[in-house]
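Data first, discussion second: the structure below is written as structure tokens.
Position 1 is the first residue of the sequence; numbering continues from there.
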Amino acid sequence: MHMMSKEMQSCIDECLRCYQMCFGMAMTHCLEQGGDHVKPSHFRAMIACANMCREAADMMLMKAPQARETCLLCAQVCEDCAKECDPLPDMKECAEECRRCAEECRKMSAQKMAA
């Protein structure tokens, strides 16, 4: 496999962890809990976050020219998801994961991507 920077690999790993957390929690925990867990704004935020994290990882893996912009958008989507999860006591772990991913994506968006 082609070598990539340690920072990029860290961001990819974090994006994939966040994808797994958000998608997995949405499709199991949230659907099973019902109520506020499936409120449209909360559920949409979780699915948007999962999709954006997966897309950011894909863009970095293919070294797409738009990877930096995708990471910046991913950071914003992750922050929005964390804010949706915060009010629900059993979603703190998800909110924390979203914030870790947002931080990694912000760092990556500030770096020059190798061609």
Side-chain angles (χ1 to χ4, degrees):
M1 188 164 131
H2 184 70
M3 296 299 293
M4 63 183 62
S5 73
K6 183 176 72 168
E7 295 82 11
M8 185 179 288
Q9 185 61 58
S10 177
C11 190
I12 291 167
D13 292 344
E14 200 59 57
C15 284
L16 294 174
R17 275 191 291 276
C18 194
Y19 162 75
Q20 183 176 2
M21 172 70 73
C22 287
F23 192 75
M25 289 288 282
M27 292 298 133
T28 58
H29 180 72
C30 290
L31 285 177
E32 292 162 5
Q33 290 295 309
D36 286 342
H37 290 79
V38 291
K39 183 177 72 174
S41 62
H42 175 76
F43 204 78
R44 283 186 190 116
M46 290 193 70
I47 299 303
C49 187
N51 287 341
M52 194 70 236
C53 288
R54 187 182 62 219
E55 185 62 29
D58 287 349
M59 296 293 273
M60 286 182 280
L61 284 167
M62 71 174 85
K63 296 187 179 194
Q66 302 83 4
R68 289 179 62 206
E69 292 84 358
T70 304
C71 286
L72 186 57
L73 180 58
C74 187
Q76 294 168 343
V77 173
C78 286
E79 287 291 346
D80 291 345
C81 187
K83 288 175 187 168
E84 279 291 330
C85 291
D86 279 336
L88 302 171
D90 56 349
M91 297 297 294
K92 296 298 182 199
E93 187 179 356
C94 189
E96 290 168 8
E97 180 57 46
C98 289
R99 287 193 175 94
R100 280 191 296 272
C101 187
E103 180 60 27
E104 284 293 320
C105 282
R106 274 191 294 277
K107 284 192 268 185
M108 186 52 53
S109 71
Q111 292 191 2
K112 181 171 175 19
M113 300 283 180

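No option in Met108, Arg106, Glu103 other than Met108 meets the side chain to side chain contact (heavy atoms under 4.5 Å, CB included) test with Cys11.
At a threshold of 4.5 Å between side-chain heavy atoms, the hydrophobic network of Ile, Leu, Val, Met, Phe, Trp and Tyr places Met59 and Leu61 in two separate groups. Under the 4.5 Å side-chain contact rule for hydrophobic residues, Ile47 and Val38 share a cluster. No path of Ile, Leu, Val, Met, Phe, Trp and Tyr side chains, each step under 4.5 Å between heavy atoms, connects Phe23 with Met52, placing them in separate hydrophobic clusters. Criterion: ILVMFWY side-chain heavy atoms under 4.5 Å apart, direct or through other members. Under it, Met27 and Val77 are not part of a common hydrophobic cluster.
A heavy-atom distance below 4.5 Å is not found between the side chains of Glu84 and Met46. The side-chain heavy atoms of Cys105 and Ser109, taken from C-beta on, include no pair separated by under 4.5 Å. Contact of the Cys98 side chain with the Cys85 side chain is not registered, since no non-hydrogen atoms from C-beta on lie closer than 4.5 Å. The side-chain heavy atoms of Lys107 and Glu7, taken from C-beta on, include no pair separated by under 4.5 Å.
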- Walk me through it: do Gln9 and Asp13 pass the test side-chain hydrogen bond (donor to acceptor under 3.5 Å, both in side chains)? CA-CA 6 Å; Gln9 185 61 58; Asp13 292 344; 2.8 Å; yes
- Item | side-chain hydrogen bond (donor to acceptor under 3.5 Å, both in side chains) assessment of Ser10 paired with Glu104 | CA-CA 8 Å; Ser10 177; Glu104 284 293 320; 3.2 Å; yes
- Message: Could you walk me through whether Met91 and His37 satisfy the side chain to side chain contact (heavy atoms under 4.5 Å, CB included) test, starting with their C-alpha distance in whole Å, then the side-chain angles of each, then the deciding distance to 0.1 Å, before giving a yes or no?
- Response: CA-CA 9 Å; Met91 297 297 294; His37 290 79; 4.0 Å; yes
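Rounding to the nearest 0.5 Å places CZ of Arg68 at 9.0 Å from CG of Leu72. Atom CZ of residue Arg44 and atom SG of residue Cys81 lie 13.5 Å apart, to the nearest 0.5 angstrom. Within the model, atoms NZ of Lys39 and CG of Asp36 stand 5.5 Å from one another, a figure rounded to the nearest 0.5 Å. Within the model, atoms NZ of Lys63 and CE of Met8 stand 6.0 Å from one another, a figure rounded to the nearest 0.5 Å. Taken to the nearest 0.5 Å, the CG atom of Asp58 stands 11.0 Å off from the SG atom of Cys53. Taken to the nearest 0.5 Å, the CE atom of Met60 stands 9.5 Å off from the OG atom of Ser5.
Between His42 and Leu88 the shortest heavy-atom distance is CE1-CD1, 3.7 Å. The minimum heavy-atom distance linking Thr70 with Ala56 is given by the pair CG2-CA, 3.6 Å. Cys22 approaches Cys49 most closely through the heavy-atom pair SG-SG, 3.8 Å.
Atom CZ of Phe43 is surrounded by more than 12 heavy atoms from other residues, nucleotides or ligands within 6.0 Å. Remark: Gln33 CD is packed, more than 12 non-hydrogen atoms of other residues, nucleotides or ligands lying under 6.0 Å away. In the displayed structure, Gln20 atom CD is contacted under 6.0 Å by at most 12 heavy atoms of other residues, nucleotides or ligands.
For the pair Asp86 and Arg99, the salt-bridge criterion is met [side-chain N within less than 4.0 Å of a carboxylate O].
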